[in-house]
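Here is the structure we will look at.
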Amino acid sequence: MDNLKQAARAAKQRLKNNFWDECKRNLDEGAIEARKNGLNEIKVKSALKGRVQKQISGEKHDSFYLKVKELLDTEGEVSDAIGRLTDKEYYDTLSYEDKQRYTLTLSSKYLQALEKYRKEKAMEI
């Protein structure tokens, strides 16, 4: 019941602060900018809507994505990204099979973060 009350309070606060008017204005401005820059207007609107949904749900970037973003901003795409992102202390405690599994999982997470990073850069978010 407390979660429902908190959600209702947050929704009421958004209405008081003209949150939705601001979102509509940002969406319209984003569409105009996309047209000017030759970007896909629908993709820009979709990205902005996703940001609003994350803001409402309180979702934040995870720490792994922030590490990947920092690496890409400073170094660009490097050939040893997986090695740089590996937690060395944890990796050293694993068995051979677990090291393989950890590396594959890390690689998958890196590819997802890389795709998200590329989308953000393409949309100039």
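What you see is a predicted model, and the numbers here were worked out from it, not measured in a lab.
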Original post:
Under 4.0 Å between a Lys/Arg side-chain N and an Asp/Glu carboxylate O for R118 and E77?
Top reply: yes

Considering residues at least two apart in sequence or located in another chain, which fulfil the side chain to side chain donor-acceptor pair (under 3.5 Å) criterion with [X]?
{"X": "D98", "result": "S95, R101"}
{"X": "N17", "result": "none"}
{"X": "E29", "result": "R25"}
{"X": "Y110", "result": "none"}

Original post:
Is the number of heavy atoms from other residues, nucleotides or ligands under 6.0 Å of K49 NZ greater than 12?
Top reply: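 No, not enclosed.
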
**OP:** With sequence neighbours excluded, tell me which residues meet salt bridge (charged side-chain N to carboxylate O under 4.0 Å, His left out) with K67.
**Re:**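 Salt bridge (charged side-chain N to carboxylate O under 4.0 Å, His left out) check on K67 returns nothing, list empty.
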
Subject >> Sequence neighbours excluded, every pair satisfying salt bridge (charged side-chain N to carboxylate O under 4.0 Å, His left out) that has a member inside residues 85-97 >> reply: none

Original post:
Does any non-hydrogen side-chain atom of D73 lie less than 4.5 Å from one of K121?
Top reply: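 Side-chain contact under 4.5 Å: yes.
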
Between [atom1] on residue [X] and [atom2] on residue [Y], distance to nearest 0.5 Å:
{"X": "S79", "Y": "R84", "atom1": "OG", "atom2": "CZ", "value": "7.5 Å"}
{"X": "N26", "Y": "D21", "atom1": "CG", "atom2": "CG", "value": "11.0 Å"}
{"X": "K99", "Y": "T93", "atom1": "NZ", "atom2": "OG1", "value": "8.5 Å"}
{"X": "D80", "Y": "L85", "atom1": "CG", "atom2": "CG", "value": "9.0 Å"}
{"X": "K119", "Y": "L114", "atom1": "NZ", "atom2": "CG", "value": "11.5 Å"}

Original post:
If every non-hydrogen atom of C23 is compared with every non-hydrogen atom of V52, which pair is closest and at what distance?
Top reply: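 So the two residues come closest at SG-CG2, 3.7 Å.
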
Subject >> Atom of F64, atom of A113 and distance for their closest heavy-atom approach >> reply: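 The answer is CE2-CB, 4.4 Å.
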
Original post:
Do you reckon Y90 sits in the same ILVMFWY cluster as V68, going by side-chain contacts under 4.5 Å, direct or chained?
Top reply: yes

**OP:** Examine L27 and I32 and state if one hydrophobic cluster contains both, with Ile, Leu, Val, Met, Phe, Trp and Tyr joined whenever side-chain heavy atoms are less than 4.5 Å apart.
**Re:**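 Looking at the clustering, I32 is in a separate group from L27.
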
Original post:
Would a distance-only check, ignoring hydrogens and angles, find a side-chain to backbone donor-acceptor pair under 3.5 Å from S108 to L104?
Top reply: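 Between the backbone of L104 and the side chain of S108 there is no qualifying donor-acceptor contact (under 3.5 Å).
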
Original post:
Between the side chain of T74 and the main-chain N/O of E70, is any donor-acceptor distance below 3.5 Å?
Top reply: yes

**OP:** State whether Y117 and K69 meet the cation-pi test: NZ (Lys) or CZ (Arg) under 6.0 Å from the six-membered ring centroid, and within 45° of the perpendicular axis.
**Re:**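 Pair K69/Y117 does not count as cation-pi.
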
